[in-house]
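The next block holds one structure in the form of structure tokens; read it before the comments.
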Amino acid sequence: MNNKKSFYEKCYSILKKVPKGKITTYKEIANALGTKAYRTVGNAMNKNPYAPNVACHRVVNSNGNVGGFASGNKKKIEMLKKEGIKIKGKKIQNINKFLYRFN
DNA sequence: CGGTTGACCAAGT
DNA sequence: GACTTGGCCAACC
């Protein structure tokens with residue numbers, strides 16, 4: 001096993017901890033890793049080599065915006081709605097309620 | 001090693 | 001509420 005994970009891979013590991021029906025933000029992930037590289041987290045999601053394995057659509061912006069999605073941000077919204085997330089246009093409703101926090 | 005690239009964030013206008 | 005600016009940081013070339 002290779003324990004030397006890139007920052008990207010750490011992001012995927014964190015993301016895997018998020019249960020279905022919950023979401024997280026790029027900032028929260030970066031914070032969980034003890035860094036401020038919010039942008040680098042987004043970069044990791046954009047590459048997302050573990051596409052079906054990692055639910056990259058459960059990551060949103062801190063301000064409640066859905067953010068982006070490699071295959072079309074509309075798809076992302078639809079998937080989130082299916083998981084029970086309330087979305088208005090491109091904005092998450094009650095984000096505080098769905099936001100999952102890492103301990 | 002220096003410059004570019006972002007699915008970001010916060011504050012200002 | 002929409003747009004701009006500056007700051008942040010790892011990966012990539």
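A, B, ... follow the sequence lines: proteins, then strands. Residue 1 opens every chain.
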### Task
Quick one: label N61(A) by what it contacts on the DNA or RNA (base, sugar-phosphate, nothing), any heavy atom closer than 4.0 Å.
sugar-phosphate
### Task
Select one nucleotide: of dA7(B), dC9(C), dA10(B), the one nearest the side-chain heavy atoms of R39(A).
dC9(C)
### Message
Expressed as a whole number of angstroms, how long is the span from K90(A):NZ to dG1(C):P?
### Response
16 Å
## Note on the structure
Rounded to whole Å, CG of N43(A) lies from P of dT5(B) at a distance of 12 Å
### Message
Tell me the interatomic distance from N73(A), atom CG, to dA7(B), atom C1', rounded to whole angstroms.
### Response
10 Å
### Query
For the side chain of Y8(A), counting heavy atoms from C-beta on, which of dA11(C), dC9(B), dG7(C) is nearest?
dA11(C)
### Test item: Y12(A) and N48(A) side chains (from C-beta on) under 4.5 Å apart, heavy atoms
yes
### Message
Between P on dT5(B) and CZ on F7(A), what's the gap in Å once rounded to a whole number?
### Response
21 Å
### Query
Does T40(A) put a side-chain nitrogen or oxygen below 4.0 Å from OP1 or OP2 of dA11(C)?
no
#### Entry: Side chain to side chain, I14(A) and L33(A), heavy atoms closer than 4.5 Å
yes
### Message
Taking the ring of F98(A) and the ring of Y100(A), is the distance between their centroids below 6.0 Å?
### Response
no
### Query
On a plain distance test, is the side chain of Y26(A) in donor-acceptor contact with the base of dA7(B) below 3.5 Å?
yes
### Rounded interatomic separation in angstrom, taking CG from N65(A) and C1' from dA7(B)
11 Å
### Task
Return no unless some side-chain N or O of K27(A) is found under 4.0 Å from OP1 or OP2 of dA10(B).
yes
### Task
Would you indicate whether K22(A), at its atom NZ, is surrounded by more than 12 heavy atoms from other residues, nucleotides or ligands within a distance under 6.0 Å?
yes
### Query
Expressed in angstrom and rounded to an integer, what is the separation of K47(A) atom NZ from dC13(C) atom C1'?
11 Å
### Summary
Quick note, N46(A) side chain, CB onward, closest among dA7(B), dA10(B), dA10(C) is dA7(B)
### Query
Hey, is E83(A) close enough to R58(A) for a salt bridge, meaning N to O under 4.0 Å?
yes
### Query
To the nearest angstrom, how far is K36(A) atom NZ from dG7(C) atom C1'?
11 Å
### Message
Please report the distance, rounded to the nearest Å, between CG in N63(A) and C1' in dA7(B).
### Response
13 Å
### Message
From the set dC9(C), dC8(B), dA7(B), return the single nucleotide nearest to any side-chain atom of C56(A).
### Response
dA7(B)
### Query
With sugar-phosphate meaning primed atoms plus P, OP1 and OP2, does S6(A) contact a base, only sugar-phosphate, or nothing at under 4.0 Å between heavy atoms?
sugar-phosphate
